[in-house]
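The structure appears right after this line, and notes come after that.
Naming convention: chains lettered A, B, ... in sequence-line order (proteins, then strands); numbering from 1 in each chain. On a predicted model such as this, the values are computed, not experimentally measured, just so you know.
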Amino acid sequence: MFAAVEQRDKPSLRGKPVIVGGVAGRGVVSTASYEARAFGAHSAMPMAQARRLCPPNTAYLSPRFPAYQRTSAVVMELLAGVSPLVEQVSIDEAFVDLAATDHDLSVAGITALSRRLKADIAAATGGVTGSIGAASSKLLAKIGSDLNKPDGLTVVAPGDELTTLHPMPVRRLGGVGPATEQRLHRARVRTVGELAAVPLEDLVDWFGTAHGHGLFRLARADDPRPVVSSRETKSVSAEETFDIDVTDPARLIHELDLLSARVAARLRRSGLTGRTVNIKVRHPDFTTVTRALTRDQPTDDGELIAAQARRLLAEIPTYGGIRLLGVGVSTLYDFAQDDLFTAAGEDPPTLDFPDDPTPFPPADSSTSPGLSAALATSPSAPAPSSGSASSPETSFSSGPSSVAPPALSGASLAAGPSSLATSSAAVRVWRPGQDVRHDEHGTGWVHGSGIGRVTVRFEGPNTPIGRVRTFFVDDPHLQAADPPDWVIPSSESEADRGPE
DNA sequence: TCTGGGGTCCTAGGACCC
DNA sequence: TCTGGGGTCCTAGGACCC
C-alpha cells in the first residue's frame, strides 16, 4: 500500500521498482512495489539486501505516514458506508461484517457489491487499488483477499471453505509464522489438509493449549471469531535501533529519556495512563532482553517513566554496546489518574498524609526520629491541560538509615515541581527500623520498602517471632484498627533478618 | 552494510492470598 | 516435619502480525 501511494503521488515512479522503508543504516523494507518484488525484494528484508537485489533505477523512499494515513482514512470511510461493523486491523486492512447489514448476501450479490467497492476505492484514492476477499469467516476472507493480489477479488462460496483451504500451505493460516511452519514441516505437515489430519493431542503437545486448539480449528475452517469494531489499547511503546551500537552510558540515558517522553506524549494524547514501565534492550548479537516494573499508580508523566526506565536499564549490562533501546508502558487505564477515581466516586487510593490522624509517628519531619522527609502538597484541582495528572512518586527508603534515601529523592525530584503542585497526595519516606504501628501483636517497624509499599515487622508479647506484613500506601490497615491477617514468615524469609 | 517499529497474545514460573 | 487447591498478579521471553 505504501508503494502504491508513492506511485500514485509521483507518476515518474509508476512501472518502476519502488521500495519504502528505512533507507539508511540498519533499515528494513516496509513495502516493495510489485516491480521490486520481481527482483526478490520483500517486506522485512534488510534494506542493504534489497539494494543488492534491485536494479539501479529502483527508488528507495522513506515512509510518508501522513500520506498513507490520509489514504487509509478515505478507504475506511468507504467501508463504513458498506457496514456499520468494520474492524480496522492495520493501516491497510480491515474486516467488514456484511451480516450486520441488509445487503444481498448471495455470491452474486456480494460479488457485485465488492466490484462497486473496489471501483469506489480506486476513484476516491486517485488510483490506489485494493484486494477483497469475501467468505463466511475471517480466516477465509483474509486468505481470499491475499489470493489474487493486486487488485484482486475472491468470493468463497459457503460450502467451498474446505476445498479452498486444504490444498494451501500451512503458512497461509493466520498465526502460522516461520517457527510454527518449521515445526510442522519437521512433522511432514505442509498443507492445511495435512494439518487437519493431525490429532488434537499432538497439536496441543507441540504448540501448547491455545495455539494447538487454534490450529486444530483453523485447519477445519472452524473460525467463529467475530468482527469487532474497536479494541482497547494494551500498551504504548517507542524504540530505536541505533546506526552504530551505543556504549556511552550517558548517551543511553539520554535516549531513554527521549523515548520516555515520546511514550508519555502519546499516552496523554490518547487519554491513557499506565502502571507498568517496560524497557527493551537488544545487544549487538541481537539477543533481546526486557525488564518491567509495575508501579502502584498509573502515570503519563515522561519524567516518572524515564526514572523507572533508568532503574531498569541499570540492571542490564551494557558495556558491550547496545543495538536497540525501547521504552513501553502497559497495564493501561482509560483516564488520567485523578479522573479515574473521582469519576467512579471513590477516594483516590493514596493517603492524604497531612490530614491523616493515624497512629503513626507525628508527621513532623523535624522531630520524628524515623521520618527523614515529608513533602506535603496542598490539595488542588488537577491542572486543566498539563496532562500531568499522575501523582508524585510515593516511595520508601530501603537504604541504611544513616543515609538519605537516594532512590526516593531521585524519584520525587523526577516527578518535577509542576507534578507535585497539582497532586493531592504527599510523598512520605520511611526508614528501616522506624516504628510505625502498635497493637495487640506488638510494635511494628518498617522492615523493608519499595515503591508504593512497605513491609512492617512486628515483635511483642503476642508475637515472639517476627511477623511481617506488606502494606501498600493505600492500604487501610496502615491506619485502620481492624486486625490484618498476618503473614508468618518462614525461617528463610528475609523477615527474620529483622530491621537493619 | 544482516536483521525496523508498533503492536497482540500466550506460556511458564514465582510470589502471594484465601 | 514431607507439605492442598484455586486464584490473581507480575515478570521474561517468544511467536506472530502488518
Q.
Go through it in stages, so that I can follow the logic: the residues are A:K142 and A:E93, the test is salt bridge (charged side-chain N to carboxylate O under 4.0 Å, His left out), and I'd like the CA-CA distance, side-chain angles, deciding distance and then a yes or no.
A. CA-CA 9 Å; A:K142 162 79 171 149; A:E93 273 195 13; 2.8 Å; yes

Q.
A:D301 vs A:T299, test: side-chain hydrogen bond (donor to acceptor under 3.5 Å, both in side chains). Steps then yes/no.
A. CA-CA 6 Å; A:D301 183 317; A:T299 187; 5.2 Å; no

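- Between A:H283 atom NE2 and B:dC2 atom P there is a gap of 20 Å when expressed in whole angstrom units.
- Remark: A:T209 is not in phosphate contact with B:dC10, judged by side-chain N or O atoms under 4.0 Å from OP1 or OP2.
- For residues 223-236 of chain A, the salt bridge (charged side-chain N to carboxylate O under 4.0 Å, His left out) pairs, not counting sequence neighbours, are A:E87-A:R231, A:D223-A:R225.
- Side chains of A:S235 and A:S330: no donor on one and acceptor on the other come within 3.5 Å.
- For the pair A:L272 CG and B:dG7 C1', the interatomic distance rounds to 14 Å; values are reported in whole Å.
- Of the N and O atoms on the side chains of A:T273 and A:D300, not one donor lies less than 3.5 Å from an acceptor on the other residue.
- Each of A:V289 and A:R275 was assigned the nucleotide of DNA chain C with the nearest heavy atom; the assignment lying further toward the 5' end belongs to A:R275.
- Of the candidates C:dT11, B:dG7, B:dT8, the closest approach to any side-chain atom of A:V236 belongs to B:dG7.
- Here A:L259 lies out of heavy-atom contact (under 4.0 Å) with every strand.
- For A:T180, whose side chain is taken as the heavy atoms from C-beta onward, the closest listed nucleotide among B:dT1, C:dA15, B:dG4 is C:dA15.
- Using a 4.0 Å heavy-atom distance criterion, A:G22 is classed as making no nucleic acid contact.
- With a glycosidic angle no more than 90° from 0, B:dC2 adopts the syn conformation.
- Nucleic acid contact class of A:G326 (heavy atoms, under 4.0 Å, all strands): none.
- Sequence order on DNA chain B of the closest nucleotides to A:S235 and A:G208 puts A:S235 first from the 5' end.
- At whole-Å resolution of the value, CG in A:D243 and P in B:dT1 are 15 Å apart.
- Contact annotation: A:K234 does not reach the phosphate of B:dG7 (side-chain N/O to OP1 or OP2, under 4.0 Å).
- For the pair A:R262 and B:dG6, the criterion of a side-chain N or O lying under 4.0 Å from OP1 or OP2 is met.
- Checking B:dG5, C:dC16, B:dT3 against every side-chain atom of A:V28, the shortest atom distance belongs to B:dT3.
- Ring geometry for A:F65 versus A:F2: interplanar angle over 60°, hence perpendicular rather than tilted (30 to 60°).
- Contact check, A:R171 against C:dC16: no side-chain N or O comes under 4.0 Å of OP1 or OP2.
- With rounding to whole Å, A:R183 atom CZ is found 12 Å from C:dC16 atom P.
- Side-chain polar atoms of A:D92 and A:S90 form a donor-acceptor pair below 3.5 angstrom.
- Side-chain proximity of A:D92 to C:dC18, B:dG5, B:dC9: nearest is C:dC18.
- When each of C:dC18, B:dT3, B:dG6 is scored by its nearest atom to the side-chain atoms of A:E239, the top-ranked nucleotide is B:dG6.
- Summarising the geometry, the separation between CZ on A:F207 and C1' on B:dA12 is reported as 18 Å, rounded to the nearest angstrom.
- The nucleotide whose nearest atom lies closest to any side-chain atom of A:S30 is, among C:dC18, B:dG4, C:dT11, B:dG4.
- Counting to the nearest Å, the P atom of B:dG4 and the CZ atom of A:F242 are 13 Å from each other.
- Between B:dG4, C:dA15, B:dG6, one nucleotide has an atom nearer to the side chain of A:A179 than all others, and that is C:dA15.
- For A:R323 and B:dT3, the shortest distance from a side-chain N or O to OP1 or OP2 is below 4.0 Å.
- Residue A:R291 has a polar side-chain atom (N or O) positioned under 4.0 Å from OP1 or OP2 of C:dG13.
- Of the candidate nucleotides B:dG4, B:dC10, B:dG7, B:dC10 has the atom lying nearest to any side-chain atom of A:A210.
- An OP1 or OP2 oxygen of C:dC10 is reached within less than 4.0 angstrom by no side-chain nitrogen or oxygen of A:T331.
- A side-chain donor-acceptor contact under 3.5 Å links A:T288 and A:R282.
- Rounded to whole angstrom, the span from the CG atom of A:L332 across to the P atom of B:dG7 amounts to 10 Å.
- If you check every strand for non-hydrogen atoms under 4.0 Å, A:L324 touches sugar and phosphate atoms only.
- Set against B:dT1, B:dG6, B:dT3, the side chain of A:A238 has B:dG6 as its closest nucleotide.
- Under 4.0 angstrom from either OP1 or OP2 of C:dC18 there lies at least one side-chain N or O belonging to A:K142.
- In terms of position on DNA chain B, the residue among A:G27 and A:V23 whose nearest nucleotide sits closer to the 5' end is A:V23.
- Here B:dG6 is the nucleotide among B:dG6, C:dT11, C:dC16 with the atom lying nearest to any side-chain atom of A:R266.
- Judged by distance alone, the side chains of A:S136 and A:E161 do bring a donor and an acceptor atom under 3.5 Å apart.
- Across the C1' atoms, C:dC16 and B:dG4 are found 16 Å apart, a figure rounded to whole Å.
- Close to C:dG13, at under 4.0 Å from its OP1 or OP2, lies a side-chain N or O of A:T290.
- Anti is the glycosidic conformation of B:dT3, whose angle departs from 0 by more than 90°.
- Distance A:W206 CH2 to C:dA15 P: 17 Å, rounded to the nearest Å.
- With 3.5 Å as the limit, one finds no donor-acceptor pair spanning the side chains of A:Q7 and A:Y34.
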Q: Can you run through DNA chain B from 5' to 3' and write each base as (, ), [, ], | or . depending on how it pairs? Watson-Crick or G-U wobble, both distances under 3.5 Å.
A: ....||||||||||||||

